[in-house]
A.B. asks: 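Below: one structure in structure tokens.
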Protein chains: 2
Amino acid sequence: MVVGIAGLGLIGGSLAKAYERSGATVYGYDGNRVVQDFAKLQGVLAGDLDEKTIGECELLLVALYPEVTMEYLKKMAPHIPGTTLVMDCCGVKQEVCKVGFELAQRYGFTFVGGHPMAGTQYSGFANSKADMFDGAPMVIVPPQADDILLLDKIKKLLTPAGFSHLTVTTAEHHDEMIAYTSQMCHVISNAYVKSPRAQMHKGYSAGSYMDLTRVAWLNEHMWTDLFLENRTFLLQELDQMIGSLQEYREALEQGNGDRLCTLLAEGRICKEKVDGQ
Amino acid sequence: MVVGIAGLGLIGGSLAKAYERSGATVYGYDGNRVVQDFAKLQGVLAGDLDEKTIGECELLLVALYPEVTMEYLKKMAPHIPGTTLVMDCCGVKQEVCKVGFELAQRYGFTFVGGHPMAGTQYSGFANSKADMFDGAPMVIVPPQADDILLLDKIKKLLTPAGFSHLTVTTAEHHDEMIAYTSQMCHVISNAYVKSPRAQMHKGYSAGSYMDLTRVAWLNEHMWTDLFLENRTFLLQELDQMIGSLQEYREALEQGNGDRLCTLLAEGRICKEKVDGQ
């Protein structure tokens, strides 16, 4: 298999390493030439991904920031053959899928939105690893939901990355879900660690603190872009969360133990219902 | 060593198993007679902790709910010898230490507030384990901060439980810190999982969601008591958190990327400063 990977950060770098591990020929591109050359030196890349080598790729994975992904797709579209499956890896899907689907129709290739559901609080090629996606879910946004042949092709092309299963959805539903499952975690973690008590936590903290502050250490530029692109859904979740916290606050201020206990039981039941114990 | 343990839930059960593991003679008591008998059958307890056997204990650890701990201490105080070190395990310290210090003075034993900084989202003797506290911090609230001989005695008596180090502080400072490092984590997790999107998270979630919802599954009765006893400090943290979230909300609603990026960078720096990368 010949795979092109644009963007060799945490996600793109991990994908490159996973495909290289599987025996695929991987061409890569990164905005930072040093990273691209380093990936070649390491043997992860067989060569540069450019206007020429892109023509050999059965699969093109674009793991750049959302805005840069769209620019890259526009620039490279004329060079992408009709046989290539193009997939982005952005954390928000509505805008990028709109652009991707339009370009695909115009230039004759196939575009599918993608969001690999893994990662760490670290970024960059240096932190990427071949097994990053082993057992992780992959969300995909195909142009049509019922194109079984295409879904089968996607599954085969993504197999070397190690995903445990594919979630097929629309760009809108993806963005609504991701505002909650991922973006809010980052906002909450980042907000939580701002308490003055955070700076004195050592000796007074255990697993809960570490879990809750893990993703506070984030790349603020990337997340700002992602948040702005998903503004409506993220605002909905922020309002939901602030509203919930205010309910606990009110019960506590009133010293209303019954109400507080009910609020906590409601949350416990939500967790129990969806994840069991 | 002879140790008495009152309350055989997750914390008390784990302590009992740890001391038993170290070769100590452990007497135990639980409000639920079935649990107490089960612990004896399992060989964790050498016998019942009662008005008689309490007289043999060098160390008495009370791991009951805060209100029940205070009742238990009042009831048992006349039977506790002057040589015994009594320590509670409550998640809030101001009230219980006040009661404990007064009883100690009146009856001649030594009381020290304690809070083992470990646990899981599960509760009960069935989930307790001997290595629960291996490597965990233990916060202690001695009657005087500078009684080196007492601190040395505490350290020796607690060694079999496996703690990595002792944090010595006042009841008030403990409660202020714990409102942030532990109580807020539970409120936030419990509030976060109430979004309607939580019930559809599967296939769209990864580590961040799992980390953030882990402690949503809590014992609402225990936590209600703990929250009410620490009302002032917890309200302070809730206001801090709601205020922070509202700042992100405002920047997002205004589509103010610079402001959003600054807010996220501030959080990232807080995390970096105290925990490194």
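Note: hydrogens, waters and symmetry copies are ignored here, and every other heavy atom, side chains too, is used. Below, read A as the first sequence line, B as the second, and so on, with proteins coming before strands; counting in each chain starts at 1.
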A.B. asks: If you round to the nearest 0.5 Å, how far is CD1 of Ile178(B) from OG of Ser205(A)?
C.D. replies: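 Between Ser205(A) OG and Ile178(B) CD1, I get 8.5 Å after rounding to 0.5 Å.
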A.B. asks: Evaluate the side-chain proximity of Met200(B) to Val274(A): yes if any heavy-atom separation is below 4.5 Å, no if none is.
C.D. replies: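 Result no, sub-4.5 Å side-chain heavy-atom pair not found.
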A.B. asks: Heavy-atom distances under 4.5 Å only: say whether Gln199(B) touches chain A with side chain, backbone, both or neither.
C.D. replies: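 Its backbone and side chain both get close to chain A.
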A.B. asks: What's the spacing between Arg197(A) CZ and Phe233(B) CZ if we round to 0.5 Å?
C.D. replies: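 Between Arg197(A) CZ and Phe233(B) CZ, I get 8.5 Å after rounding to 0.5 Å.
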A.B. asks: Kindly give the heavy-atom pair with the smallest separation between Ala198(A) and Tyr180(B), and that separation in Å.
C.D. replies: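 Nearest pair, atom of Ala198(A) first, then Tyr180(B): CB-OH, 3.2 Å.
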A.B. asks: Will you find, in the side chains of Tyr204(A) and His115(B), an N or O donor that is under 3.5 Å from an N or O acceptor?
C.D. replies: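 Their side chains do not contain a donor-acceptor pair, so the 3.5 Å distance test is not met.
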A.B. asks: Nearest 0.5 angstrom please: Tyr192(A) OH to Lys271(B) NZ, how far?
C.D. replies: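 Rounded to the nearest 0.5 Å, the OH-NZ separation comes out at 10.0 Å.
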A.B. asks: Could you grab the distance from atom CE of Met241(B) to atom OH of Tyr248(A), nearest 0.5 Å is fine?
C.D. replies: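 Answer rounded to 0.5 Å: 12.5 Å.
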A.B. asks: Around atom CD of Glu172(A), are there more than 12 heavy atoms of other residues, nucleotides or ligands at under 6.0 Å?
C.D. replies: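 For Glu172(A), atom CD is not crowded (no more than 12 foreign heavy atoms under 6.0 Å).
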A.B. asks: In Å and rounded to the nearest 0.5 Å, what is the SG to CZ distance from Cys261(A) to Phe227(B)?
C.D. replies: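 Reported value, rounded in 0.5 Å steps: 10.5 Å.
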A.B. asks: Can you tell if the side chain of Ile242(B) reaches within under 4.5 Å of the side chain of Gln246(A), non-hydrogen atoms only?
C.D. replies: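 Yes; the side chains approach each other to less than 4.5 Å.
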A.B. asks: When Ser195(B) is tested against each of Gln240(A), Glu237(A), Gln236(A) for side chain to side chain donor-acceptor pair (under 3.5 Å), which residue passes?
C.D. replies: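 Looking at Gln240(A), Glu237(A), Gln236(A), the match for Ser195(B) under the side chain to side chain donor-acceptor pair (under 3.5 Å) is Glu237(A).
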A.B. asks: Chain A heavy atoms under 4.5 Å from Glu253(B): which part of the residue, side chain, backbone, both or neither?
C.D. replies: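 For Glu253(B), heavy atoms of backbone and side chain both lie under 4.5 Å from chain A.
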A.B. asks: Let's test your reading of the structure: which of Asp225(B), Leu166(B), Asp239(B) forms the most heavy-atom pairs below 4.5 Å with chain A?
C.D. replies: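 Maximum pair count with chain A is reached by Asp239(B).
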A.B. asks: Determine the option with the most heavy-atom pairs under 4.5 angstrom with chain A, choosing from Gly207(B), Ser208(B), Ser189(B), Ala206(B).
C.D. replies: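 If we count pairs closer than 4.5 Å to chain A, Ser208(B) comes out on top.
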A.B. asks: Please classify the contact of Leu234(B) with chain A as side chain, backbone, both or neither, using a heavy-atom distance under 4.5 Å.
C.D. replies: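 For Leu234(B), backbone and side chain are both near chain A.
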A.B. asks: Check each atom of Leu212(B) against the heavy atoms of chain A and say whether the ones under 4.5 Å are side chain, backbone, both or neither.
C.D. replies: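 The side chain, not the backbone.
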A.B. asks: Which bit of His165(B) is near chain A, if near means a heavy-atom gap under 4.5 Å: side chain, backbone, both or neither?
C.D. replies: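 Contact with chain A: side chain only.
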A.B. asks: Please classify the contact between Leu263(B) and chain A as side chain, backbone, both or neither, with a heavy-atom cut-off of under 4.5 Å.
C.D. replies: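 Both backbone and side chain of Leu263(B) come within 4.5 Å of chain A.
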A.B. asks: Could you have a look at Met184(B), His174(B), His173(B), His186(B) and say which one has the most heavy-atom pairs with chain A under 4.5 angstrom?
C.D. replies: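 Sorted descending by pairs with chain A, the first entry is His173(B).
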A.B. asks: Using a cut-off of under 4.5 Å on heavy-atom pairs, state which of Leu260(B), Leu235(B), Asp258(B), Val139(B) scores highest against chain A.
C.D. replies: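 Between Leu260(B), Leu235(B), Asp258(B), Val139(B), the count favours Leu235(B).
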A.B. asks: Flag the pair Asp211(A) / Arg214(B) as yes when at least one side-chain heavy-atom distance between them is below 4.5 Å, and no otherwise.
C.D. replies: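 Asp211(A) reaches Arg214(B) side chain to side chain.
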A.B. asks: Under 4.5 Å, counting heavy-atom pairs only, tell me which of Asn219(A), Val187(A), Val215(A) racks up the most with chain B.
C.D. replies: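 If we count pairs closer than 4.5 Å to chain B, Val187(A) comes out on top.
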A.B. asks: Identify the residue among Leu228(B), Thr224(B), Thr232(B), Asn230(B) that makes a side chain to side chain contact (heavy atoms under 4.5 Å, CB included) with Leu252(A).
C.D. replies: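 Passing option: Leu228(B).
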A.B. asks: Flag the pair Glu220(A) / Thr262(B) as yes when at least one side-chain heavy-atom distance between them is below 4.5 Å, and no otherwise.
C.D. replies: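 Not in contact.
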A.B. asks: Let me see the working for Lys202(A) and Thr167(B) under side-chain contact (heavy atoms from CB on, under 4.5 Å), right down to the final yes or no.
C.D. replies: CA-CA 9 Å; Lys202(A) 285 176 184 170; Thr167(B) 305; over 6 Å; no
A.B. asks: For Ala136(B), which atoms come within 4.5 Å of any heavy atom of chain A: side chain, backbone, both, or neither?
C.D. replies: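 Neither the backbone nor the side chain of Ala136(B) comes within 4.5 Å of chain A.
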A.B. asks: Top residue by heavy-atom pair count (under 4.5 Å) with chain B, among Arg231(A), Met117(A), Glu247(A)?
C.D. replies: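 Looking at each option in turn, the highest pair count goes to Arg231(A).
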A.B. asks: Can you tell me which portion of Leu245(B) sits under 4.5 Å from chain A's heavy atoms? Options are side chain, backbone, both or neither.
C.D. replies: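 For Leu245(B), the contact with chain A is made by backbone and side chain together.
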A.B. asks: Just verifying a value: how many Å separate Asn190(B) CG and Leu264(A) CG, rounded to the nearest 0.5 Å?
C.D. replies: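 Going from the CG atom of Asn190(B) to the CG atom of Leu264(A) covers 5.0 Å.
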A.B. asks: Under a 4.5 Å cut-off applied to non-hydrogen side-chain atoms, are Tyr209(A) and Asp275(B) in contact?
C.D. replies: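 Yes, close enough: below the 4.5 Å cut-off.
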A.B. asks: Quick check: are there more than 12 heavy atoms from other residues, nucleotides or ligands sitting under 6.0 Å from NZ of Lys273(B)?
C.D. replies: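 Incorrect, the count does not exceed 12.
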A.B. asks: May I ask you to check whether Ser244(B) and Lys194(A) show a side-chain donor-acceptor distance below 3.5 Å?
C.D. replies: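 Judged by distance alone, the side chains do not pair up.
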A.B. asks: Side chain, backbone, both or neither: which part of Leu238(B) has an atom under 4.5 Å from a heavy atom of chain A?
C.D. replies: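 Side chain only.
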